[in-house]
Amino acid sequence: MNDKVNGTGNNAPIGVYDSGLGGLTVWREIRRLLPEESLMYLGDGKNCPYGSRPRGEVQALADAAVADLVGQGCKMIVVACNTATAAAIDFLRAKYADLPIVGMEPAVKPACLHTRSGVVGVLATERSLDGDLFRRTAAKYGQGIEVLMVPGRGFVELVEADREATPEAEACVRAAVEPMLARGADQIVLGCTHYPFLLPVLERVVAGREVTIVDPSPAVARRVAQLLDERALRATPGHAPILTFRTFADETYRRRLETKALASE
Ligand code: DGL
């Protein structure tokens with residue numbers, strides 16, 4: 001993949017996919033770290049939220065989304081959705097053996113390494129929490145640590161409705177987080193890419209306590225950079241990136257993705 005024509009070869013876009021707006025929190029970290037890379041964001045939108053759907057359905061949705069991005073010529077795929085990663089990453093890697101695919105890594109490891117209280121809270125969608133990925137990660141790094149897994153009920157819907165800064169959002173976040181705080185959690189892992197949009201509200205809820213909120217998206221962006229280097233896939237130096245936005249919903253939703261992305265830069 002070394003031809004240097006704009007938009008193909010190494011200058012082809014990195015595909016970034018989520019059920020909706022959430023993956024934009026990963027998109028912006030990739031933009032910060034890799035400003036010369038073209039990015040093609042696909043926010044499904046039509047089938048969001050994924051978090052309460054059966055696993056097989058999420059896998060089929062992820063399959064269709066990644067097929068779309070591959071069809072558009074993406075040189076790498078970032079599954080910027082914990083729910084789709086948990087349901088489909090092994091399937092996708094088997095299907096596209098030669099394509100580099102980065103998934104979300106629940107940031108349970110750093111949280112378990114840094115906790116002083118020995119209690120770590122994990123917020124994610126129902127589907128993520130009952131999947132192997134989260135269970136395995138918690139079992140691997142959470143020995144001797146109490147890992148509290150709590151679904152962020154209503155969080156995704158609030159973000160999708162642009163209601164992440166409302167009193168309703170604060171009440172919703174408080175209901176999920178206060179029981180964790182009462183148990184002594186001093187690390188709260190954001191296990192869904194929509195949740196960093198709720199950070200201002202989360203920070204209000206934990207204000208005055210020694211609590212660290214752990215967002216894995218900068219680490220995912222670093223993994224993207226590392227994989228580009230390993231596969232010699234970096235865009236040519238000085239490349240002017242092309243940023244595109246796709247959706248399975250309608251043009252209004254596509255424009256929302258674009259506006260929210262560019263506002264977050
Ligand atoms: N943003 C997603 C995640 O990281 C999925 C949210 C959803 O569609 O329920 O899990």
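Order of listing sets the numbers, starting from 1, for every ligand and every atom in it.
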Checklist line | Salt-bridge contact Arg55-Asp130 (side-chain N to carboxylate O under 4.0 Å) | finding: no
Next item on the list: Output the list of atoms in ligand 1 that are nearer than 4.0 Å to some heavy atom of Thr83, sorted by atom number.
Entry: 3 (C), 5 (C), 10 (O)
Margin query: Give the atom numbers and elements of ligand 1 that come within less than 4.0 Å of a heavy atom of Asn82.
Written below: 3 (C), 4 (O), 10 (O)
Check: Any idea which atoms of ligand 1 are less than 4.0 Å away from a heavy-atom of Ser19?
Finding: 5 (C), 6 (C), 7 (C), 8 (O)
Next item on the list: Give the atoms of ligand 1, by number and element, whose distance to some non-hydrogen atom of Pro49 is under 4.0 Å.
Entry: 7 (C), 8 (O), 9 (O)
Notebook entry, point to check: Counting from 1, what ligand 1 atoms have a heavy atom of Val156 closer than 4.0 Å?
Noted result: 6 (C), 7 (C), 9 (O)
Margin query: Closer than 4.0 Å to some heavy atom of Asp18 - which atoms of ligand 1 meet that?
Written below: 1 (N), 2 (C)
Notebook entry, point to check: Among protein heavy atoms, which lies nearest atom 7 (C) of ligand 1, and at what distance?
Noted result: Tyr50 N, 3.3 Å
Check: Is there a nitrogen or oxygen of Gly51 sitting under 3.5 Å from a nitrogen or oxygen of ligand 1?
Finding: yes
Item checked: Element-labelled atoms of ligand 1 that are located less than 4.0 Å from some non-hydrogen atom of His194 -> 1 (N), 2 (C), 6 (C)
Notebook entry, point to check: Is there any N or O on Ser128 that sits under 3.5 Å from an N or O of ligand 1?
Noted result: no
Checklist line | Residues Glu251, Arg256: salt bridge by 4.0 Å N-O rule | finding: no
